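The structure under discussion appears below in the form of structure tokens.
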Amino acid sequence: MATVTFENIFHGDGPDIGKLRFNAAGFGWKTYASEEAPTTFSGHDVRHATWLRVARNFQLRLAMRQAEKPRITFDGFKREDHDKVKRTLDEFFNIKMETRDTSLKGWNWGKAQVQGNDITFQVQGKTAFEIPLSTVGNSNIAGKNEVALEFNPPPPFPHDPKDLSKRVPDELVEMRFYIPGKSMKSKGSDAGSDGEETDLDEDGNEVSAADAFHNMIKEKADIGAVVGDSIVVFEDILVLTPRGRFSLEFYPDSLRLLGKSTDYRVPFTSIHRIFLLPKLDDLHVQLVLGLDPPIRQGATRYPFLVAQWPKDEEVDAELNLSDEELAKYPDLQRKYEAPTFQVISRVLKALTGKKVTPPGSFRTAQGLNGLKANVKAVQGELYFLEKGLIFIAKQPILIDFSKTESISFSRVGGGIASAKTFDMRVVSKTEVADHVFTAISKEEVQPISAFLKQKNIKLLNEMEETVMDIDEPLSDEDEEMESIASEDEDSGQKNKKDKGGKKAKPSVQDDDDESDDEDFQSESSDGGSPSESDSDEDESGMASDASDPMMEELKRKQAKRAKKDSGSGSDAEKPKAKKAKKGD
């Protein structure tokens, strides 16, 4: 048996399919998609072989003696290939293949262990799944008994929406383990297992099972251990997003934020923007890092990292670099003695190779670099930069002018607040939702407008619409028209009043005493209840225009009605008194 070949085999986690060939010297795999040379391995480096069920049929897992590639996997074998693979490894490399059963129960409770370079989750002694420690980017204590594992972002993938084989695959970004219990075995035992010995910390206190598992992951995974010694460390830094106090540890290829209960590792490749902006109080300076992909804490994503320092705070720092390493970064110095924000921004600029964006040329009416604004109910600081806007709050917002369709000013609502502030709406070319910044002081309209016109931004000012003020003096034609309308309304109401007066005329009245005096008529009316003419007058007065002559007419009618009510009340009491006297 000189050569054994297996078709339709996947190598590792890749999407490409190819053929796997064994011979006495070793084995090699070659993809069908290209004419590249096959990937070959020596048979003498194989230490152990395992056969197990995976998502893509069956997998052959080979443990290698090489430190750079401790494990090699091939997926896609059929069930009937088991005996053939076992016989091939035994004859060529004298390796006995082990068959491992996989738990297919689907349970989410079991035992989490660290075995070699993997985290294994077993259910009733059978492996449910495994996680390579090399893929773990961070480990945090998410709760009292929870350990949250964050995974490294995947490498760039050739994206082609039309080609199904080149679509960006879904990636697991976080996994949480609930590990109850306070008692743990001493160092070297499996996490989560029962034992008589307890793991104690330096103070002699028991270590919880979750803490022990977390510490084991940090010790064996690529979390701060294999990245080498730190270049420089800045202690007790106030970070506003995500909020907390952290130590900033700079490494050759990453930045680590070390807190009391939370650690973040930020690769320099994920930092795409750096801003250094003064706060509006003129006492602090903010450093803003734009991250892609963002860091995560549970379900919360943080695409921006915001740190803050007092403007006058200084620091003495010495970089832990050899002369040869320091020569790779021409912008770095061996020692620094300067304000903290300057030292950290310079170190970041040198290590990441990214430009640090300062405030732009924009100045507010008070001469500041930014202004206060709100996004919904969140108050923050809005800065106009040379190429965009940035709103710094709990969740910062970055808007590029190149992706902006238009910016409009408007005033919403009424009252004193709307007279002193305005809203600014930013319409994006790429995003569906607009960004609306509210409660901006009205005195900033002119500085913002002048700045945006310089940047050739389409500007719409909806506050310049013509609105007539009711206190504005009327022209001669308007006064004449209003006078005519007032006279017509007065005459119409007088005619209506006369008709109503005839209808409410008393049944017993001397014609000789009849007079045009309305006051006398109101005193001699009966019953004390309002007549129909009164209700007509009331409706007419309420519906009249709000001009001064009509207001005077309305007041005069109300005074007459009040006098009429008082007069009719006194007349109503007189018959009762006479009737009582007659009865006596």
Side-chain angles (χ1 to χ4, degrees), residues 239-241 268 270-292 294 302-309 311 339 341-342 344-346 348-350 352-375 378-409 422-431 433-441 443-461:
V239 178
L240 303 180
T241 305
F268 288 151
S270 66
I271 300 176
H272 63 96
R273 300 292 292 272
I274 303 176
F275 303 93
L276 189 64
L277 305 170
K279 283 184 69 70
L280 300 184
D281 59 8
D282 201 29
L283 298 176
H284 298 84
V285 178
Q286 301 175 108
L287 179 70
V288 184
L289 303 182
L291 307 178
D292 186 20
Y302 294 100
F304 291 92
L305 191 151
V306 183
Q308 176 180 296
W309 297 272
K311 196 173 183 179
F341 69 90
Q342 291 184 3
I344 294 180
S345 60
R346 290 173 183 174
L348 263 176
K349 179 182 178 181
T352 61
K354 301 293 191 302
K355 177 185 175 183
V356 178
T357 303
S361 59
F362 172 79
R363 293 294 181 272
T364 64
Q366 290 78 26
L368 301 176
N369 297 108
L371 49 90
K372 290 187 178 296
N374 293 351
V375 173
V378 179
Q379 187 181 52
E381 298 177 348
L382 181 62
Y383 295 86
F384 290 79
L385 307 177
E386 295 301 326
K387 295 184 179 181
L389 310 175
I390 185 169
F391 177 76
I392 300 180
K394 185 176 181 180
Q395 285 288 9
I397 300 173
L398 179 63
I399 304 173
D400 289 336
F401 286 150
S402 61
K403 299 179 181 179
T404 300
E405 179 70 25
S406 64
I407 296 179
S408 60
F409 299 156
F422 69 96
D423 299 347
M424 185 178 74
R425 179 182 296 273
V426 181
V427 181
S428 175
K429 295 179 181 178
T430 58
E431 299 179 12
D434 299 340
H435 295 286
V436 181
F437 303 95
T438 62
I440 303 176
S441 177
E443 61 184 2
E444 306 297 346
V445 172
Q446 195 279 329
I448 296 177
S449 301
F451 180 80
L452 294 178
K453 288 179 181 178
Q454 293 178 358
K455 303 301 178 183
N456 297 322
I457 303 297
K458 184 179 179 182
L459 189 61
L460 305 175
N461 194 343

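In this chain, numbering begins with 1 at the start of the sequence shown. Model, not experiment: these values are computed from the prediction.
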Exercise. Heavy atoms, side chains only, cut-off 4.5 Å: are T357 and I390 in contact?
Worked result: no

Problem set entry | Residue pair L389 / F401, side-chain heavy-atom distance below 4.5 Å | yes

Problem set entry | K279 atom NZ: more than 12 heavy-atom contacts under 6.0 Å | yes

Problem set entry | Residues, nucleotides or ligands: over 12 heavy atoms within 6.0 Å of K455 NZ | yes

For this session: Please report the closest heavy-atom contact between V426 and F437, naming both atoms and the distance.
Result: CG2-CE1, 3.9 Å

For this session: Report the distance from atom OG1 of T364 to atom CG of L280, rounding to the nearest 0.5 Å.
Result: 8.0 Å

For this session: Check whether any side-chain heavy atom of S441 lies under 4.5 Å from a side-chain heavy atom of L371, and answer yes or no.
Result: no

Problem set entry | Partner of L382 under side chain to side chain contact (heavy atoms under 4.5 Å, CB included), chosen from E444, K372, M424 | M424

For this session: Check the pair S361, E386 against side-chain hydrogen bond (donor to acceptor under 3.5 Å, both in side chains), reporting the backbone distance first and the verdict last.
Result: CA-CA 7 Å; S361 59; E386 295 301 326; 3.0 Å; yes

For this session: Output the distance between atom CD (Q342) and atom CD1 (I344), rounded to the nearest 0.5 Å.
Result: 11.5 Å

For this session: Please assess I392 against F275 for the test side chain to side chain contact (heavy atoms under 4.5 Å, CB included), listing each intermediate value before the final yes or no.
Result: CA-CA 11 Å; I392 300 180; F275 303 93; over 6 Å; no

Exercise. Does the D400 side chain pair with the main chain of S402, one donor and one acceptor, at a distance under 3.5 Å?
Worked result: no

Problem set entry | From CG (N461) to CZ (F422), nearest 0.5 Å | 8.5 Å

For this session: First locate atom CZ of F341, then atom NE2 of H284, and finally report the distance between them rounded to the nearest 0.5 Å.
Result: 12.0 Å

Seminar exercise, completed: When every non-hydrogen atom of P359 is compared with those of L276, the smallest separation belongs to CD-O, 3.4 Å

Exercise. Which atoms form the tightest heavy-atom contact between N369 and Y383, and what is the distance?
Worked result: O-CD2, 3.8 Å

For this session: Looking only at non-hydrogen atoms, find the nearest pair between T404 and K429 and report the distance.
Result: O-CE, 3.3 Å

For this session: Start with the C-alpha gap between K403 and E431, add the side-chain angles, then the distance that decides, and say whether side chain to side chain contact (heavy atoms under 4.5 Å, CB included) holds.
Result: CA-CA 9 Å; K403 299 179 181 179; E431 299 179 12; over 6 Å; no

Exercise. Roughly how far, to the nearest 0.5 Å, is the CD atom of E405 from the CD1 atom of I457?
Worked result: 10.0 Å

Exercise. What is the ring orientation for F451 with F384, classed by angle as parallel under 30°, tilted 30 to 60°, or perpendicular over 60°?
Worked result: perpendicular

For this session: Any chance you could lay out the side chain to side chain contact (heavy atoms under 4.5 Å, CB included) test for I448 and I407, step after step, and finish with the verdict?
Result: CA-CA 10 Å; I448 296 177; I407 296 179; over 6 Å; no

For this session: Mind checking the CZ-CG spacing from F409 to D423? Nearest 0.5 Å is all I need.
Result: 11.0 Å

For this session: For K354 and I271, work out which heavy atoms get closest and say how close.
Result: CE-O, 3.1 Å

Problem set entry | S428 to D434 - nearest heavy-atom pair and separation | N-OD1, 4.2 Å

Exercise. Any side-chain heavy-atom pair from L348 and L287 closer than 4.5 angstrom?
Worked result: yes

For this session: Run the numbers on W309 and Q286 for side chain to side chain contact (heavy atoms under 4.5 Å, CB included), then give the verdict.
Result: CA-CA 7 Å; W309 297 272; Q286 301 175 108; over 6 Å; no

Problem set entry | Pairwise side-chain contact, R425 with V436, heavy-atom cut-off 4.5 Å (strictly under) | yes

